[in-house]
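On a predicted model such as this, the values are computed, not experimentally measured, just so you know.
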Amino acid sequence: MTAPWAARLAELGIDLPAVSAPLAAYVPAVRTGNLVYTSGQLPMQDGTLAGTGKVGGQVSPEDGSRLARLCALNALAAIDALVGVDTITRVVKVVGFVASAPGFSGQPGVVNGASEVLAEIFGERGAHARSAVGVAELPLDAPVEVEVIVEVG
């Protein structure tokens, strides 16, 4: 039996964004067996990058976290377009990349923006393994990029 995740999103007042067009030769999400892997999702909003710069520099950790949340919602949109959000049985893993200013070491707190929205939506089924990685640069000077792996039924 699938959970009514679309209803949960509506209850939370969350509208999934339109799926962002790929920037290169890849697709937004791929299913293999009972897993769906998303490509790295940038903080795109209405077809535009919602922020640029390095976290711990031009971008505050709080804004980075907000942008990571947006990345996670973009990942859910890609999953929804491929298989439907209501087919998700659990969130398996989140990988967050944070474009970090020199000396910034708060990547886990930034990626919490993605993890927390998934927990808000999926409850216990949103508990996941995770990596939060600091990097020098991301595409389009994005501050954060998030990949999500979910199990589907």
Handout entry: Heavy-atom side-chain contact between Q58 and P143 under 4.5 Å
Key = no
Handout entry: Close side-chain approach of F122 to T89, heavy-atom, < 4.5 Å
Key = no
Handout entry: Gap between atom CG of D80 and atom CG of N74 - 0.5 Å precision
Key = 12.0 Å
Problem - Side chain proximity check, V150 to L35, heavy atoms < 4.5 angstrom - result: no
Donor-acceptor contacts, no H, no angles, side chain residues 38-45, under 3.5 Å, sequence neighbours left out:
unit_1 : atom_1 : unit_2 : atom_2 : d
T38    : OG1    : V148   : N      : 2.9
T38    : OG1    : V148   : O      : 3.4
S39    : OG     : V27    : O      : 2.5
Q41    : NE2    : S39    : O      : 3.2

Completion exercise
The reported gap from CG in L67 to CD in E145 (rounded to nearest 0.5 angstrom) is 13.0 Å
Handout entry: Check: R66 side chain, A68 main-chain N or O, donor-acceptor pair, under 3.5 Å
Key = no
Completion exercise
Minimal heavy-atom distance between L73 and P17, with the atoms involved, is O-CD, 3.8 Å
Exercise for the section: Show the numbers, then the answer: is there a side-chain contact (heavy atoms from CB on, under 4.5 Å) between L9 and L16? Expected result: CA-CA 8 Å; L9 287 165; L16 292 180; 3.9 Å; yes
Handout entry: same_hphob_cluster(V85, V83) at 4.5 Å side-chain heavy-atom cutoff
Key = yes
Handout entry: I149 side chain near V36 side chain, heavy-atom distance below 4.5 Å
Key = no
Practice task
Show your working on side chain to side chain donor-acceptor pair (under 3.5 Å) between R130 and N112 and close with a plain yes or no.
Solution key: CA-CA 10 Å; R130 188 181 89 177; N112 274 351; 2.8 Å; yes
Which donor-acceptor pairs under 3.5 Å do side chains of residues 95-105 form with protein atoms, sequence neighbours excluded?
unit_1 : atom_1 : unit_2 : atom_2 : d
S100   : OG     : V98    : O      : 2.9
S100   : OG     : Q107   : NE2    : 2.9

Practice task
Sequence neighbours left out, what pairs pass ring-ring contact (aromatic ring centres under 6.0 Å, His included) with at least one residue falling in residues 6-59?
Solution key: none
Exercise for the section: Give a yes or no answer on whether the side chain of D86 reaches the backbone of A6 with a donor-acceptor pair at less than 3.5 Å. Expected result: yes
Exercise for the section: Take L76 and I88, measure what side-chain contact (heavy atoms from CB on, under 4.5 Å) needs, and give me the verdict at the end. Expected result: CA-CA 10 Å; L76 287 180; I88 296 171; 4.0 Å; yes
Handout entry: Check: E137 and K54 side chains under 4.5 Å, non-hydrogen atoms
Key = yes
Practice task
State plainly whether one hydrophobic cluster holds both V152 and V92, where clusters connect Ile, Leu, Val, Met, Phe, Trp and Tyr through side-chain heavy atoms under 4.5 angstrom apart.
Solution key: no
Practice task
Give a yes or no on whether E11 atom CD has more than 12 heavy-atom contacts from other residues, nucleotides or ligands under 6.0 Å away.
Solution key: yes
Problem - Cationic N near anionic O, under 4.0 Å, R125 to E151 - result: no
Practice task
Please answer: with hydrophobic residues joined when any side-chain heavy atoms are less than 4.5 Å apart, are V110 and L70 in the same cluster?
Solution key: no
Problem - E120 side, atom CD; S115 side, atom OG - distance, nearest 0.5 Å - result: 12.5 Å
Problem - Side chain proximity check, I14 to I121, heavy atoms < 4.5 angstrom - result: yes
Exercise for the section: Please name the pair of heavy atoms, one in G109 and one in S65, separated by the smallest distance, quoted to 0.1 Å. Expected result: O-OG, 3.9 Å
Practice task
Kindly determine whether V55 and V144 satisfy side-chain contact (heavy atoms from CB on, under 4.5 Å), including the steps that lead there.
Solution key: CA-CA 8 Å; V55 179; V144 65; 5.6 Å; no
